[in-house]
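Reading through the structure tokens given below for one structure.
Along the sequence shown, the residues carry numbers beginning at 1. Quick caveat, the model's predicted, so the values are computed rather than measured. As a basis for the values below, the full set of heavy atoms in this structure was taken, side chains included, without hydrogen atoms, waters or symmetry mates.
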Amino acid sequence: MLPVAGIGAIVMPWLIGIVADMAGLKAGMFCNLAPCIGIFVLALVMEATE
């Protein structure tokens with residue numbers, strides 16, 4: 001999990017900056033919701049498979 005977290009820590013600020021440049025800071029800050037929703041969905045999938 002540590003390498004994945006490291007990749008996320010490197011990629012997410014870059015991605016937020018690109019989105020903020022194109023669509024504004026508010027849209028860039030909404031990019032933080034994508035990984036949160038992904039974690040939530042994966043937790044639900046794991047719970048359903050048990």
Side-chain angles (χ1 to χ4, degrees):
M1 284 178 28
L2 188 59
V4 174
I7 292 169
I10 292 168
V11 171
M12 282 308 290
W14 174 74
L15 180 65
I16 290 169
I18 289 174
V19 172
D21 280 343
M22 292 182 180
L25 186 58
K26 190 173 185 179
M29 289 295 111
F30 274 111
C31 287
N32 288 324
L33 292 177
C36 295
I37 292 170
I39 290 170
F40 183 72
V41 168
L42 289 175
L44 289 176
V45 168
M46 288 182 63
E47 183 66 28
T49 59
E50 286 183 2

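- When hydrophobic clusters are built by joining Ile, Leu, Val, Met, Phe, Trp and Tyr residues whose side-chain heavy atoms come closer than 4.5 Å, directly or via intermediates, Ile10 is not grouped with Ile16.
- The minimum heavy-atom distance between Pro13 and Gly8, with the atom names listed, is CD-O, 4.1 Å.
- Residues passing the side-chain contact (heavy atoms from CB on, under 4.5 Å) test with Val4: none are found, sequence neighbours excluded.
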Side-chain polar contacts of residues 18-36 - donor-acceptor pairs under 3.5 angstrom, sequence neighbours left out - could you list them?
unit_1 : atom_1 : unit_2 : atom_2 : d
Asn32  : ND2    : Met29  : O      : 3.4

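- The distance from atom CD1 of Ile39 to atom CG of Leu44, rounded to the nearest 0.5 Å, is 12.0 Å.
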